[in-house]
There are 2 protein chains.
Amino acid sequence: MASIYEIARQAGVSPSTVARALSGRGYCSEEKRKKILHLAQKMGYSPSHAARTLKSHITSKVLFCIPDIYNPFYFRMIRGVSEVLEGHDYLPLLCPTKGEMALELRMLQNLREGWGDGMVFVSFNFTPDNIAAVNAAQRPVVLTNNYPEGPDDRFDAVYIDTVEGIAMSCRHFIAQGIRDIGYIGGSSAAQTGQERLAGYSQALREASIPMTADWILDGDFSTASGETAMRRLAALPKRPEALVVANDLMAIGALKVCRELHIRVPEDLKIIGMDDSDSAQLIGLSSVRMREDEIGRLAAELLMDRILGGPRPRRTLRLQPELSLRASSEKI
Amino acid sequence: MASIYEIARQAGVSPSTVARALSGRGYCSEEKRKKILHLAQKMGYSPSHAARTLKSHITSKVLFCIPDIYNPFYFRMIRGVSEVLEGHDYLPLLCPTKGEMALELRMLQNLREGWGDGMVFVSFNFTPDNIAAVNAAQRPVVLTNNYPEGPDDRFDAVYIDTVEGIAMSCRHFIAQGIRDIGYIGGSSAAQTGQERLAGYSQALREASIPMTADWILDGDFSTASGETAMRRLAALPKRPEALVVANDLMAIGALKVCRELHIRVPEDLKIIGMDDSDSAQLIGLSSVRMREDEIGRLAAELLMDRILGGPRPRRTLRLQPELSLRASSEKI
DNA sequence: CTGAAAGCGCTAACAT
DNA sequence: ATGTTAGCGCTTTCAG
């Protein structure tokens, strides 16, 4: 409430003397400094963040855009982000976008208006509109997905190689001598869905295993869709020996159906999921660790580097996923 | 980058005309409005959030202080918060405090400096220092815990009745005719630990069941501590028939040990946890739903009410928890 | 309908 | 060592 002007008036000095006394920069006699500090204390003075920002163009905030606030996956990412930010006395401003482009554009607009000094942007809508808005924001943005890079793009990216993640799962089975491998994917409309399927077909091609159409099923990343897919698989005359699933929720759905139908895991069917969620760990489901925390940390580091440091060439980091092997995928 | 001054110069009008044209408030000829709007578009104008805030004292942000960024419990709470904020075009600024008072005070200082218009404050350190800082912040704060209310406190609170939560679990067993009920609690040093234990002893007292010291164990809310406690219980000459556990993680630890020692759940031992986590649901562990999302929502509503509305009397809301009954606690 | 001017609160260059 | 002044960018009141 109280400003340096109030203090100045009461102390009988000029506002700039107060500013110097409080900031510690510039000259100020010991006597006045004491008086001023005491007065500031008494009047409950606190500097105005808004005024400072207006002057300095530093907000000490970073926008963190996520598509789905209900997904623990992203929250694990924000751990990494806020860890790094904390070291710089920055705070993350949480921007839930529901994956809706309109909201994403709104948040990018907020960035332009200076709600924060930069943005960590998790999105799946990499349309030209969106990319243009990112570039137009005039402030550093770090993407956390693989995306088709344009020549004029001015932002960094750090992402995990999902193609490789699914391929690793397949290869794990292939190394066990298994050739009959099924796949439950996400919607192939989305980029993530396509990438994961690509990992599957790539790994099979490497091993010269032909793809079996009946064994390739589409889900929507929900547990329910995993159940549906598994039921369809179970009904086939010949079932695969192993199953690669594009996320843990669907894998859990599949496991549920297996238990129901007395399909033993891993004896009759081996399964690997993806995300390495708490649930996977709890029930012994093998999975692919997507290193969300590291993605968050690296994204925040790239971002802070741009915010604090000068301009530098664009940088893109790709992380490799890791298998978390548990009972559900192992040889007996 | 471009300010209304730039636009004014290029349009050959005064800054205030530009301001009127852009805001839509006040008079402006159609001709000039068009010219200005077009210019603004072309120059990539965006209003400065900092300048607006300095002038209006509205930041459109709310600080959300949480002790533990690694705990899904709090993330479920933020869902509710951000849902409500979204309706007012406010964004939550995430303030991780690690439960450290120093960081909490720092965030309260940020609040005073106007980093946000108010705060949802999850804390366990309700010392006089802390409370004083909340009152000194001069901006609305909503607490999400029960706390010893002082006469000068000017903040709202919304919290869940944990005492009742644990008591409900106990009564559920008592209603089944069970009298031998054990308890694994959190550290009784913390407020939460004490409250939960109070719920246990209260329920037993109501039913005139004497407390058995051997059956009352202390953990630290971690899975490992749940295992340790369960091992100790298992080693007793006489074990309880049912077990009330102060959170799901410890209950999961206990379940693990039960499986290991071939103690059948619920036949030999019935268990109810607390938090109603995803894991509890997954493995059929009965639990107490703490309604985090509603707490978040209500807290945000109280806060926005104070931010947008005028002053009003202090308000405190207490929510009742709910039992989520699953296989682990049921009669066979 | 339009422009000048003051003010939000702090900072920093400059003058005294 | 201290004070004056201008400026950050927008809003709003008051003249014209």
Side-chain angles (χ1 to χ4, degrees), chain A residues 1-37 39-40 43-61 109-117 137-139, chain B residues 1-37 39-40 43-61 89 109-117 138-139:
Chain A
M1 209 75 281
S3 71
I4 56 172
Y5 288 91
E6 301 272 297
I7 298 178
R9 200 152 39 77
Q10 297 214 20
V13 298
S14 79
S16 38
T17 303
V18 175
R20 280 191 293 259
L22 291 171
S23 71
R25 275 163 305 191
Y27 300 96
C28 182
S29 70
E30 201 43 43
E31 179 202 12
K32 296 200 171 168
R33 156 168 293 126
K34 268 192 181 145
K35 185 168 185 181
I36 289 169
L37 258 43
L39 228 47
M43 301 169 67
Y45 168 82
S46 285
S48 153
H49 182 68
R52 281 213 170 135
T53 297
L54 179 57
K55 185 76 186 166
S56 67
H57 298 284
I58 295 175
T59 67
S60 301
K61 295 174 192 118
Q109 177 57 24
N110 285 343
L111 179 61
R112 284 182 62 137
E113 297 185 359
W115 289 50
D117 300 338
Q138 304 286 20
R139 282 189 167 77
Chain B
M1 212 68 290
S3 72
I4 57 170
Y5 288 91
E6 302 272 297
I7 298 178
R9 200 152 40 76
Q10 297 214 20
V13 298
S14 79
S16 35
T17 302
V18 176
R20 280 191 293 260
L22 291 173
S23 72
R25 274 162 304 192
Y27 300 97
C28 181
S29 69
E30 200 45 42
E31 178 202 13
K32 295 199 172 170
R33 158 169 291 125
K34 267 193 183 146
K35 185 169 186 182
I36 290 169
L37 258 44
L39 228 44
M43 301 170 64
Y45 169 81
S46 286
S48 153
H49 183 68
R52 280 215 170 130
T53 297
L54 178 58
K55 185 75 186 162
S56 67
H57 298 284
I58 294 174
T59 68
S60 301
K61 295 175 192 120
D89 288 322
Q109 176 57 24
N110 284 344
L111 180 61
R112 283 182 62 137
E113 297 185 0
W115 289 50
D117 300 338
Q138 303 285 20
R139 283 190 165 78

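Reminder, nothing fancy here: chain letters follow the sequence lines and each chain counts from 1.
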Does B/Ser16 get its side chain close enough to the base of D/dT11, under 3.5 Å, for a donor-acceptor pair?
no

Heavy atoms only, 4.0 Å cut-off, all strands: where does A/Pro47 land among base, sugar-phosphate and nothing?
sugar-phosphate

Heavy-atom side-chain contact between A/Tyr45 and A/Leu22 under 4.5 Å:
yes

Heavy-atom side-chain contact between A/Trp115 and A/Thr59 under 4.5 Å
no

Please determine whether any donor N or O and acceptor N or O are separated by less than 3.5 Å between the side chain of B/Tyr5 and the base of D/dC8.
no

How close or far is atom C1' of C/dG7 from atom CD of A/Glu6, stated in whole angstroms?
14 Å

Distance in angstrom units between B/Ile7 CD1 and C/dT2 P, rounded:
16 Å

If the cut-off is 4.0 Å, is A/Ser3 near the phosphate of C/dG9, judged by side-chain N/O to OP1 or OP2?
no

Check against side-chain contact (heavy atoms from CB on, under 4.5 Å), B/Ser46 and A/Gln109
CA-CA 8 Å; B/Ser46 286; A/Gln109 177 57 24; 3.3 Å; yes

As a test of reading the structure: which of C/dG7, C/dC10, D/dG3 is closest to the side chain of A/Arg52, going by heavy atoms?
C/dC10

In whole angstroms, how far is the C1' atom of C/dT16 from the CZ atom of A/Arg20?
12 Å

Taking atom C1' of D/dG7 as reference, at what distance in whole Å does atom CD1 of B/Ile4 sit?
14 Å

Does D/dC10 have its OP1 or OP2 closer than 4.0 Å to a side-chain nitrogen or oxygen of B/Tyr45?
yes

Figure out the CZ/C1' separation between A/Arg9 and C/dG9, and round it to whole Å.
14 Å

Of the candidates C/dG9, D/dT2, D/dC10, the side chain of A/Ser29 sits closest to D/dT2

Does some side-chain heavy atom of A/Cys28 sit less than 4.5 Å from a side-chain heavy atom of A/Thr17?
yes

Which whole-number value in Å describes the distance from B/His57 NE2 to D/dC10 P?
17 Å

Taking the side chain of A/Ala19 as heavy atoms from C-beta outward, which of D/dT11, D/dG9, C/dT11 is closest to it?
C/dT11

Between A/Ser14 and D/dT4, does any side-chain N or O lie under 4.0 Å from OP1 or OP2?
no

Answer whether the closest heavy-atom distance between the side chains of A/Glu6 and A/Met43 falls below 4.5 Å.
yes

Within-4.5 Å side-chain heavy-atom neighbours: B/Lys61 and B/His49:
yes

Can you check the A/Arg112 CZ to D/dC10 P distance for me, whole Å?
12 Å

B/Lys55 side chain: which of C/dC8, D/dT2, C/dG9 is closest?
C/dC8

Of the listed D/dG3, C/dG9, C/dA12, the closest approach to the A/Leu54 side chain comes from C/dG9

If you assign each of A/Ser48 and B/Gly26 to its closest nucleotide in DNA chain C, which residue comes earlier from the 5' end?
B/Gly26

Using a cut-off of less than 4.0 Å, is there contact between a side-chain N or O of A/Lys32 and OP1 or OP2 of D/dT2?
yes

Mind calculating the distance between OH (B/Tyr27) and C1' (D/dT12) to the nearest angstrom?
15 Å

Counting side-chain heavy atoms from CB outward, which of D/dG9, D/dT12, D/dT2 is closest to B/Arg25?
D/dT12

